[in-house]
Amino acid sequence: MNRIELLAPAGDFESLQGAIANGANAIYLGTTAFSARAFAKNFNLEELDQAIQYAHLRNVRIFVTVNTLYQDDEMKDVISLIDRLYELQIDALLIQDIGLLKLVHERYPDMELHTSTQMSVMSLEALRYFEDLGVKRVVLARENTIDEIKYICSHTDLEIEVFAHGALCVAFSGQCLMSSMIGRRSGNRGACAQPCRLPYSLEEDGKIINTSYLMSTMDLCTSDHINEYIEAGVASLKIEGRMKRPEYVAAVTQVYSKAIKHYYENTPSYTKENFNDMKQMFNRHYTSGYPFHADKIVDETFSGNQGVFLGYVKGYDYRSKRVSIALKNDLTQGDSIVFTEIDKGRPVNKIYYQNKLINKAEAGMNVQIEFDDVVKGGTVNKTISVDTINRMQKTYQEEKKYRKIDMYFKASLNKPCTLVVKCDEEKVSVVSEQIIEEASKRAATKENIIDHLNKLGHTVYEADKIDVELYGELFIPITIINNMRREALSKLDALFAFKKHHKAPIKEIQPLKVIPQSVSEYHVVVSNIKQLEIALRYYDHVYYYDADLKEALECFKKYDKVPNLYLPRIMHDKDIQEVIHNPLLKEFNTLIVNDFGSYRLLKDHPLIIGQGFNIYNHYDAYAFKESVIASFECTRKQIKQMKDYNANLILPIYGKTENMISEHCVISQSYFHKKVPHCGMCKKHSYKIVDRKGVSFDIFTDDQCRNHILHNEPIYVENHQSLNISYFIMMTTEDENETVTVLEDIKKRTSKGKKSDLKKPYVVGYFK
């Protein structure tokens with residue numbers, strides 16, 4: 001079994017240095033274009049070239065993220081970028097877009113490919129789909145448990161990567177449209193505005209019952225579970241944080257690196273001080289998350305950096321405008337603090353102790369700082385520590401040793417000296433320009449030559465073995481030895497820094513073939529039996545999306561219509577198996593599938609590719625022979641570009657978008673301050689979340705206790721008929737009257753081309 005990899009983030013070169021110096025085996029980073037962290041500093045190509053050389057010299061791999069969805073107009077530039085990345089010898093690409101993944105696999109035969117967590121891969125069956133596409137590694141969804149991870153690892157040859165530390169998404173990554181639909185900042189395009197971090201009110205049957213940070217997750221921390229990851233067969237542990245400062249990256253990497261080394265080598269693990277340094281750099285409180293069955297992943301009190309506990313407010317002097325704090329931790333001038341009861345923070349520019357200014361105060365002291373009025377007895381946290389920052393910077397400001405070398409030096413009378421250096425299966429040789437003469441006075445000794453060969457100074461090398469052979473009483477100037485050592489190491493540097501990983505030529509890809517549209521049809525998804533009965537009176541292609549399949553089949557039979565089924569976007573292996581082994585499945589004709597696992601296993605059925613696949617460009621549409629439903633994020637221009645590359649492109653024209661699908665439950669969070677599975681509250685009442693502007697979003701909870709947060713207004717594309725493609729309608733929380741009104745209006749628009757009579761507010765979305 002290979003040693004587990006520690007994969008750290010880098011938003012800039014200093015972060016890369018901090019990660020490598022503290023034990024990272026690989027770095028993932030983005031370029032200044034086409035990255036899932038659009039607001040990180042990221043690397044331009046010149047900086048990336050330097051980063052690759054720096055990392056490769058230190059035996060560290062570089063993975064570049066192109067893990068967003070791309071419009072057709074961007075594809076040419078994306079491919080040009082990847083051509084350059086290929087030439088720069090990056091170690092792997094991290095991809096979300098399925099069309100791009102297939103294109104890259106064809107164009108770059110020896111490029112290592114990883115699928116992003118944005119692919120929403122959470123089942124063994126989904127992994128098996130990617131095995132056929134040349135993928136080497138899959139980043140699993142954060143929602144997978146350790147038991148699921150172990151099962152997946154033991155049944156696949158693909159490498160499995162999991163997130164081990166950092167910020168959590170409350171929704172399934174790749175399936176969240178909240179930021180996109182509210183403010184046109186798409187998480188699938190690397191621009192998420194993190195609306196989940198804002199406070200929301202929970203509305204129960206029209207009445208507000210709670211206002212707090214209902215969806216702001218704590219930070220994932222699994223440093224105490226390293227052994228479980230390793231024994232499960234995980235290939236890589238990933239630290240989140242491309243937008244965090246270098247000292248954060250250094251502190252977190254240090255903790256996980258020490259924990260990994262402790263497992264394999266029984267060296268000391270991380271200390272309490274190491275853990276506190278990590279926590280001090282940034283934390284939203286910690287949770288072990290879904291992998292280790294944490295029932296609490298949200299902290300309702302505050303969505304920002306919690307820092308570490310500093311002390312208590314003892315009082316306030318209105319004359320001097322100073323707050324008195326009883327310290328339980330050290331405080332240094334330049335630190336930043338926050339008063340937890342009032343959520344106000346500031347840098348500490350002056351510290352007063354017994355009315356005298358001091359630079360540093362120790363735990364146990366009562367000090368004063370200048371501040372506005374605060375709550376007596378309230379707690380104070382330190383959110384930035386200059387001491388911790390300085391300590392972390394020191395970990396990467398001096399060069400460390402990353403490679404062991406063997407050195408062989410030979411010298412004979414009347415011949416030049418030779419030096420051979422071996423390192424990691426590489427070998428370089430240096431021959432001196434000078435001919436060695438006999439010593440007239442003091443002859444060279446082995447000990448003296450070994451001493452000078454071992455002066456490796458500010459290099460990445462550490463001598464493992466040095467052998468010296470001297471034939472005769474020889475005069476060997478020290479300058480010869482030093483110059484030969486420098487030349488040999490310089491050659492090694494070049495071998496490692498510029499090593500060619502990609503040797504296959506880039507292939508020319510032929511343009512995709514145009515596929516004529518076959519038919520123009522309407523596909524309607526309904527979420528309950530009442531909606532089903534109504535929809536069957538209007539359309540032939542109706543799909544049922546609920547658990548009661550027996551009653552649904554009776555309804556289809558009553559209206560003499562072919563039964564069809566819509567499968568969820570979230571499918572773990574157990575969910576897929578429940579579907580596969582349901583005896584009623586064979587009664588349904590066409591299935592709309594929304595994940596790669598069910599797609600692979602249900603190929604014997606007529607299938608439609610659903611919104612879970614994020615079909616966003618014509619490469620995505622062409623990637624499947626089946627009919628595909630375009631993403632809700634597609635514009636009219638994109639639809640026109642896509643429709644010639646799939647025989648039956650389907651445009652969503654009505655529906656409340658599922659802005660979020662989450663394993664977290666805001667309802668049980670509000671009642672019990674943690675998730676209580678099957679608590680039953682969602683069955684007794686109707687719920688909405690309400691934002692700061694008073695906008696409400698419906699919640700429905702499925703049989704797996706997953707929350708589905710719907711957009712406040714449905715998308716309705718009135719003028720859709722001219723495209724001459726197929727169309728998708730999705731009913732979720734609409735009552736009987738609303739369902740009838742919508743379907744009547746669409747039917748009327750189809751037959752008569754009249755303007756909509758819908759009085760209910762709706763939006764066009766991206767389709768303009």
Side-chain angles (χ1 to χ4, degrees), residues 3-30 40-43 47-64 90-91 164-166 223 226 236-265 267-271 273-282 385-405 423-424 456-464 489 492-493 496-497 499:
R3 186 165 175 144
I4 199 167
E5 173 188 272
L6 182 57
L7 176 60
D12 57 24
F13 199 88
E14 191 178 352
S15 296
L16 177 129
Q17 290 176 305
I20 293 175
N22 283 282
N25 310 114
I27 304 292
Y28 69 101
L29 52 82
K41 292 180 182 178
N42 292 319
F43 292 74
E47 292 166 338
L48 179 59
D49 191 14
Q50 295 172 355
I52 293 168
Q53 294 175 36
Y54 183 90
H56 284 178
L57 177 58
R58 289 157 181 80
N59 204 22
V60 173
R61 300 207 296 162
I62 294 289
F63 307 151
V64 176
I90 67 165
D91 294 277
H165 190 96
S223 57
I226 297 300
S236 179
L237 291 182
K238 188 171 196 170
I239 297 167
E240 182 276 337
R242 276 197 284 152
M243 296 182 69
K244 299 289 200 310
R245 59 189 301 159
E247 298 85 1
Y248 168 90
V249 175
V252 178
T253 305
Q254 183 182 75
V255 165
Y256 283 82
S257 176
K258 286 188 173 186
I260 291 170
K261 192 173 182 181
H262 171 70
Y263 178 88
Y264 288 107
E265 303 174 22
T267 56
S269 189
Y270 61 86
T271 64
E273 288 72 23
N274 297 145
F275 190 87
N276 287 340
D277 282 344
M278 176 177 75
K279 193 174 181 180
Q280 179 66 81
M281 287 313 308
F282 189 94
S385 165
V386 294
D387 290 340
T388 302
I389 289 172
N390 291 336
R391 188 159 53 249
M392 288 302 103
Q393 288 175 347
K394 288 179 181 178
T395 66
Y396 57 87
Q397 286 174 341
E398 291 185 5
E399 187 64 87
K400 292 181 170 59
K401 304 303 179 184
Y402 299 91
R403 295 181 182 273
K404 290 185 179 295
I405 58 175
C423 181
D424 296 333
L456 299 173
H458 299 293
T459 72
V460 302
Y461 304 104
E462 179 181 10
D464 190 34
L489 297 185
L492 270 185
D493 285 353
F496 292 124
K499 189 171 183 177

Exercise. Start with the C-alpha gap between D277 and M392, add the side-chain angles, then the distance that decides, and say whether side-chain contact (heavy atoms from CB on, under 4.5 Å) holds.
Key: CA-CA 8 Å; D277 282 344; M392 288 302 103; 3.6 Å; yes
Could you state the interatomic distance from [atom1] ([X]) to [atom2] ([Y]), rounded to the nearest 0.5 Å?
X    : Y    : atom1 : atom2 : answer
Q53  : I62  : CD    : CD1   : 11.0 Å
K258 : S223 : NZ    : OG    : 13.0 Å
S15  : Y396 : OG    : OH    : 7.5 Å
K244 : I239 : NZ    : CD1   : 11.5 Å
M278 : T253 : CE    : OG1   : 10.5 Å
L7   : R61  : CG    : CZ    : 9.5 Å

Would a 4.5 Å heavy-atom cut-off, applied to side chains only, mark [X] and [Y] as touching?
X    : Y    : result
I260 : I4   : yes
V60  : L16  : no
I405 : D464 : no
E14  : E247 : yes
Y28  : R242 : yes
N276 : T388 : no
Y402 : I20  : yes
R3   : K261 : yes

Exercise. Kindly check if the number of other-residue, nucleotide or ligand heavy atoms within 6.0 Å of CD (E265) is above 12?
Key: yes
Quiz item: Does a sphere of radius 6.0 Å around NZ in K394 hold more than 12 heavy atoms from other residues, nucleotides or ligands, not counting ones at 6.0 Å or beyond?
Solution: no
Exercise. Kindly indicate, with the supporting measurements, whether the criterion side-chain contact (heavy atoms from CB on, under 4.5 Å) is fulfilled by R245 and I389.
Key: CA-CA 10 Å; R245 59 189 301 159; I389 289 172; 3.5 Å; yes
Taking all atoms of both residues into account, what is the closest heavy-atom pair of [X] and [Y], and its distance?
X    : Y    : value
L456 : Y461 : CD1-O, 3.4 Å
D12  : P246 : OD1-CG, 3.9 Å
A24  : I27  : CB-CD1, 4.0 Å
C423 : F496 : O-CZ, 3.5 Å
G241 : V249 : O-CG2, 4.1 Å
S257 : G23  : OG-CA, 3.5 Å

Quiz item: In terms of ring plane angle, is the pair Y54 and F13 parallel, tilted or perpendicular, where the classes change at 30° and 60°?
Solution: perpendicular
Quiz item: Aromatic rings Y248 and H165: how do their planes relate, parallel, tilted or perpendicular, breaks at 30° and 60°?
Solution: tilted
Under 3.5 Å: donor-acceptor pair, side chain of [X], backbone of [Y]:
X    : Y    : value
R58  : A21  : no
K401 : T459 : yes
Y270 : Y256 : no
D91  : F63  : no
H262 : P268 : no

Quiz item: Please walk me through it: do L237 and I226 pass side-chain contact (heavy atoms from CB on, under 4.5 Å)?
Solution: CA-CA 9 Å; L237 291 182; I226 297 300; 3.5 Å; yes
Quiz item: Do Q254 and N274 have a side chain donor and acceptor closer than 3.5 Å?
Solution: yes
Quiz item: Does a donor on one side chain sit under 3.5 Å from an acceptor on the other, for T395 and N22?
Solution: yes
Quiz item: Under the side-chain contact (heavy atoms from CB on, under 4.5 Å) criterion, do V460 and E399 qualify, and how do the steps go?
Solution: CA-CA 7 Å; V460 302; E399 187 64 87; 4.0 Å; yes
Quiz item: Any ion pair linking K400 and E462 (charged N to carboxylate O, less than 4.0 Å)?
Solution: no
